[in-house]
Amino acid sequence: MTTIYVLIHMHTPQIIRTNNFGTDAAAFITRALQETGKSCPVVCLPSGMTPLPVYKAMREADCKIDLHYVALDEYIGLEATDERLFSNWLAREILDPLNIPKTQRTIFHSMHDDTEAECTRMKAFLKENPLDIAVIGIGVNGHIGFNEPPSNPTDSIRIVSLCPITRQNNAAYWDGGRVPKQAFTLGLKEILSAKTIILMATGASKADIIRKTFDNPVSETCPASFLQEHPNVILIGDTGALSQLS
Ligand code: PGA
């Protein structure tokens, strides 16, 4: 019994409940970056609604941080100037305001005519420059990045077909237009190899999947549940998202 408890304890995420999500999560990310001890840690950052107040807080705090940004995921088939590209979205929200040079941004090229070569290039980059910190969000279906269910920790960087629920949830950004069906994503393999993982979740709509992620047995049907097997996960959420956690 004691042994089992210790094993579970080692893999229990640090859970931060916050009423001031934006500023608290921003402070946590900033501290985690500093604690790497590196002048330019390698970091993936999420897009979506969840991180908006976090990036706002980081902009307003005028954070003096440096990092090498690696794309977590990206739609396939959009022009490089398309404002809906995650790389452009993140540039506007956080990378440009923090003055992260373009040379410190490793992104997927959405319109590349050889999408497999894009995956190979990203794998090679991360092999040489492993993630120090993976900052991620979570989909209501348990995806992290675009690792849609079923996904498992052997899945590497690849092209994925987006689930109907993901396309439906992302439609808000598309102003009635068609959400792409395919995307690039880092695999669970690369995300779970980060030394520190910071998962951000807000709102009651995420309560059920956060419970499944941390309280249910690990399963391919909830890709985020593999976070239970990582030794250094920080979950930062508001009371809505964490309301069903035991
Ligand atoms: P959201 O997206 O922050 O807009 O909820 C998260 C995700 O789908 O990964």
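When a ligand or atom number is given, it counts from 1 through the structure's own listing order.
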Taking only heavy atoms of H143, which atoms of ligand 1 are found under 4.0 Å from at least one of them?
7 (C), 8 (O), 9 (O)
Tell me which one of T50, I138, N169 gets a heavy atom nearest to atom 6 (C) of ligand 1.
I138
Ligand 1-proximal atoms of Y173, by part, heavy-atom distance under 4.0 Å:
side chain
N152 backbone acceptor or donor facing D155 side chain under 3.5 Å
yes
What about F125 and H68, are their ring centers closer than 6.0 Å?
yes
Protein residue, atom and distance nearest to atom 4 (O) of ligand 1, heavy-atom basis
M49 N, 2.8 Å
Please determine if P51 has a nitrogen or oxygen closer than 3.5 Å to a nitrogen or oxygen of ligand 1.
no
Could you list which atoms of ligand 1 come closer than 4.0 Å to a heavy atom of G48?
3 (O), 4 (O)
What I want to find out is whether K123 reaches E190 closely enough, with some N-O distance under 4.0 Å, to be called a salt bridge.
no
Whether K206 lies under 4.0 Å from ligand 1, heavy atom
yes
Which bit of T166 gets closer than 4.0 Å to ligand 1, counting heavy atoms only: side chain, backbone, both or neither?
neither
Suppose we call two aromatic rings close when their centres sit under 6.0 Å apart. Are Y75 and W89 close by that rule?
no
Which residue pairs satisfy the salt bridge (charged side-chain N to carboxylate O under 4.0 Å, His left out) criterion with at least one member in residues 23-42, sequence neighbours excluded?
K38-D132
If you take all heavy atoms of L67 and Q104, which pair is closest and at what distance?
O-NE2, 2.9 Å
